[in-house]
Structure formats: structure tokens, C-alpha cells
Amino acid sequence: MCVRWRRLARGCGGGAPAGGRAHPAARWGGGTGPPPPPPPLPGPPRRWRGRVPRDEGCEVQWQEARGSRLAPLKALAALARDVRAARTVVVGDPFSRYVQLLLTLVRAEELVVVDDGTATMEFVAQTARGERLVRWHRVGGGTLPGRVRELAYAPVSSAARRRFAPDRGAGAGKARRVEVFTSMPVVPHGGMTLRTNEFAWTRARFGPPRLTKGTDLVGTSLVETGIVDPDRYLDAVRSLTLEHGATRYFAHRRESPEKLRALSRETGLEIVRPDLPLELIARRGPVGRTILSFPSTVVHTLPYALTGTGVTVAVCDVDPAWLTGSASPRARSFLAGVTDTARDVHRLPAQVAPTAG
């Protein structure tokens with residue numbers, strides 16, 4: 001069966017899970033000069049991501065939702081007819097405003113949320129409690145213009161929350177069935193169904209990888225989101241590098257060039273900016289025999305993708321002392337929950353990465 005994908009940039013649109021199988025229907029100053037260019041990616045170029053679904057029999061149309069203030073509305077207008085007519089709609093990040101705007105057009109009998117991010121855990125919990133959809137690291141308040149925008153956007157957010165609730169009566173404008181496709185440890189509720197992404201497609205298509213003698217370290221955007229203090233993070237990465245002999249650092253897409261330059265200078269790590277999901281990069285190899293990470297998505301996804309390869313995935317706890325004063329009240333418990341629910345990983349105490357001072 002050929003499925004036509006309609007995808008919005010910034011995660012607004014339908015498609016197969018990254019690495020999964022398709023669903024069936026400025027503290028880092030120092031140094032001078034620009035940051036060094038990222039090393040060559042151990043894989044194909046960016047356009048390869050569009051080739052993957054085409055090879056699986058899908059027709060792909062990229063709809064850009066960035067570039068100007070009107071771009072999202074233009075993208076929605078271009079997608080409106082197909083989205084309204086679709087019987088099954090697959091979306092990514094449910095917290096994305098672009099996804100929520102898209103949902104105002106949905107009249108489908110089935111809505112599928114495909115997301116392997118840790119925020120999926122919060123999404124399922126919030127919809128179970130009937131709460132407003134808010135990312136776990138967001139802090140209330142903000143500037144007056146920000147509060148005004150939130151107030152103006154509230155009807156869209158409220159409508160999206162209703163559409164994420166299964167409705168067997170198939171009321172107008174609501175999905176009859178809601179399914180979550182994820183590798184995150186979530187418990188469905190209220191008629192919502194769960195399909196676990198075990199990365200079977202990824203394992204069938206790629207690998208097994210060639211293993212190196214070194215250790216790879218996976219980066220995180222906890223500094224960029226204001227959760228972890230930059231200096232404490234640098235100390236933790238330096239300590240892990242020395243303790244475990246890490247040689248490569250796979251950067252998160254949101255990590256700043258200044259931060260990565262400081263990490264490379266202070267630790268000697270080779271900085272790699274993956275242009276594909278890390279699960280695909282790791283499965284294709286080469287990859288270290290040990291992969292270290294802080295609490296993040298990969299401590300849940302990599303054990304699935306690398307099962308049977310001999311790679312050890314280890315997670316380093318975040319010491320509460322590393323958190324900034326502006327971190328959300330949920331930060332400590334949420335990060336602990338990400339680690340506590342991970343399967344088939346080796347847990348490292350936060351003391352491995354001592355705090356500064």
C-alpha cells in the first residue's frame with residue numbers, strides 16, 4: 001500500500017517514526033575564531049532522509065513551515081484538503097504548536113502519535129489528567145507579550161487536547177481512535193492504545209554495526225533549555241571522558257556551537273553532529289562498545305536499536321546540585337523518571353561527574 005506523507009517542518013506532519021517501522025495505514029565563551037566545522041557524518045547526506053520512506057513505497061511531499069510568520073499558515077492551507085480527507089493522520093511531537101494547529105483540520109477516524117522523545121511520557125500523563133499540554137521544562141509566568149500570546153493560543157491548545165482524547169462516539173471534529181507509537185515506557189488510558197516501537201525495521205535494514213574500542217558520549221540540550229548549569233555540565237562531561245575513555249561526542253541538535261567548541265577544547269572529544277537519528281547512526285556503525293548518556297531519549301531507544309550487538313548503554317544521573325535556579329519544579333523528578341524507567345542500561349551515579357566548586 002502506498003501512503004502519501006504530508007509533513008510540516010518542525011515536526012508537524014505524518015510519517016514513520018525515526019528509526020522505527022511505518023505505521024500501517026552564552027556561558028561558553030573563550031577562544032577566538034569561529035567554531036570548527038563538524039566532522040564528516042558517518043552516513044549519507046540530509047536528503048537521504050527523504051529517500052528512506054520512498055524506498056518503503058511512500059510518496060513524500062515536504063511542506064515548509066518556517067521562514068516567515070505566515071509560513072505556518074501557508075503550509076496549513078496547502079495541506080488542508082488532504083488532511084481533512086484523510087482517514088488516518090499520523091503526527092509527531094504533540095506539544096508542537098504546528099502539530100496542534102494541524103489538528104484543527106483533522107476529521108480522521110484514527111489519529112496516531114509517533115514520537116520517541118521523553119516528552120511523550122509527559123504527554124500521556126497530562127492527557128490522562130486532562131491537563132493543559134505543557135512541556136516539562138517550561139516555567140510559568142514569562143513576559144506580558146508571552147502571556148498574551150498564550151492566552152490567544154489557548155483555544156487551539158484546548159481543541160488539540162480534545163482531539164487527543166479517543167471518542168468512540170466519533171463526534172464532529174474528534175478522532176475515533178487514538179494510538180501512541182513509541183519506545184517510551186507509557187501506560188495508555190481512556191481508550192488510547194499503545195504500540196511499542198522496538199526498532200524492528202531499523203534492525204532489519206541496518207547493521208549489525210562494527211564496534212570500536214572506544215566509548216561514545218551522547219550530548220544533551222539540558223543546558224540550552226535552562227535546566228543544567230553550563231559549568232556543571234562541562235565538569236560532568238570532562239569527568240565522564242576521563243573515567244570511561246570517551247573519544248567522540250554526539251551533539252544534540254540544539255546544542256550551541258560555543259558550547260561544543262568549549263567541550264572539544266576542554267576534553268579533547270571529537271564533536272560529531274549527526275544528520276540522522278542517532279539510532280540509525282549507531283546501528284550502521286562504527287560505534288563504541290559503550291555509549292554514555294545523561295537522562296534522555298536514547299537511554300530508551302538505543303537498547304532496542306542495538307539489541308544483540310554487544311554494545312553497553314550507560315546513563316549518568318543528573319545531580320540535583322547541577323540544576324539551575326530557573327529550572328522548572330518538575331525537572332528533578334522528570335529526569336529521575338527517565339532514568340528509572342530505562343530498560344537494559346547500566347546506571348552510573350551522578351558522583352561519576354562531580355560538581356564544580
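What you see below is based on every heavy atom in this structure, not just the backbone, and it leaves out hydrogens, waters and symmetry mates.
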Shortest non-hydrogen pair, Thr341 vs Gly337, comes out as OG1-O, 2.7 Å

Shortest non-hydrogen contact between Leu105 and Ala80, atoms and distance:
CD1-CA, 3.9 Å

For Glu224, is there any backbone N or O sitting under 3.5 Å from a side-chain donor or acceptor partner on Ser221?
no

Would Phe294 and Leu240 count as a side chain to side chain contact (heavy atoms under 4.5 Å, CB included) if you check the C-alpha gap in whole Å, the side-chain angles of each, and the deciding distance to 0.1 Å?
CA-CA 11 Å; Phe294 297 97; Leu240 288 171; 3.6 Å; yes

Can you check whether Asp317's main-chain N or O pairs, donor with acceptor, with Thr339's side chain at less than 3.5 Å?
no

Quick one: are Leu263 and Tyr233 in side-chain contact, heavy atoms under 4.5 Å?
yes

Going by heavy atoms in the side chains, are Leu306 and Glu279 under 4.5 Å from each other?
no

Give a yes or no on whether Arg347 atom CZ has more than 12 heavy-atom contacts from other residues, nucleotides or ligands under 6.0 Å away.
yes

Expected output: side-chain Glu109 to main-chain Thr88 donor-acceptor under 3.5 Å
no

Evaluate the side chain to side chain contact (heavy atoms under 4.5 Å, CB included) criterion for residues Arg343 and His300: first the C-alpha distance (whole Å), next the side-chain angles of each, then the deciding distance (0.1 Å), finally the verdict.
CA-CA 7 Å; Arg343 55 179 289 277; His300 291 273; 5.7 Å; no

Side-chain heavy atoms of Thr309 within contact of Arg283, under 4.5 Å:
yes

For the atom pair OG1 (Thr225) and CD1 (Ile227), what is the distance rounded to the nearest 0.5 Å?
4.5 Å

Test Arg289 against Thr312 for side chain to side chain contact (heavy atoms under 4.5 Å, CB included), laying out the working first.
CA-CA 6 Å; Arg289 294 183 182 274; Thr312 297; over 6 Å; no

Using a strict threshold of under 4.0 Å (side-chain N to carboxylate O), is an ion pair present between Asp235 and Arg238?
yes

Please assess Asp344 against Val313 for the test side chain to side chain contact (heavy atoms under 4.5 Å, CB included), listing each intermediate value before the final yes or no.
CA-CA 8 Å; Asp344 298 334; Val313 179; over 6 Å; no

Heavy-atom side-chain contact between Gln126 and Arg161 under 4.5 Å:
no

A side-chain contact here means heavy atoms from C-beta on lying under 4.5 Å apart; do Leu292 and Cys316 qualify?
no

Under a 4.5 Å cut-off applied to non-hydrogen side-chain atoms, are Val124 and Leu194 in contact?
no

Under 3.5 Å donor-acceptor, Asp116 side chain and Ser183 backbone:
yes

With respect to Val298, which candidate in Ile291, Val315, Leu278 satisfies the side chain to side chain contact (heavy atoms under 4.5 Å, CB included) definition?
Leu278

Test item: Asp115 and Thr182 side chains (from C-beta on) under 4.5 Å apart, heavy atoms:
no

Just wondering, more than 12 heavy atoms not from Arg81 lying within 6.0 Å of its CZ?
no

Which value, rounded to the nearest 0.5 Å, describes the distance between Leu76 atom CG and Leu70 atom CG?
11.5 Å

Arg203 side chain to Glu198 main-chain N or O, any donor-acceptor pair under 3.5 Å?
yes

Ignoring hydrogens, what is the shortest heavy-atom contact between Pro274 and Phe250? Give both atom names and the distance.
CG-CD2, 3.7 Å

In this structure, CG of Leu133 is separated from OG of Ser158 (nearest 0.5 Å) by 9.5 Å

When you measure from the side chain of Ser264 to the backbone of Arg261, do you find a donor-acceptor pair of N or O atoms at a distance under 3.5 Å?
no

Interatomic spacing from CD in Glu266 to OG1 in Thr241 - rounded to 0.5 Å
11.0 Å

Test item: His244 side-chain N/O and Ala246 main-chain N/O as donor-acceptor pair under 3.5 Å
no

Heavy-atom donor-acceptor pair, Thr307 side chain to Tyr304 backbone, under 3.5 Å:
no

Could you state the interatomic distance from CG (Leu335) to CG (Leu323), rounded to the nearest 0.5 Å?
7.0 Å

To the closest 0.5 Å, what do you measure between CE (Met121) and OG1 (Thr297)?
9.5 Å

Counting N and O atoms only, with roles assigned by atom type, does the side chain of Ser296 sit under 3.5 Å from a partner on the main chain of Thr220, one being a donor and the other an acceptor?
no

Got Glu110 and Val112 here, is their nearest side-chain heavy-atom distance under 4.5 Å?
yes

Hphob cluster co-occupancy, Leu348 + Leu242, side-chain heavy atoms under 4.5 angstrom
no

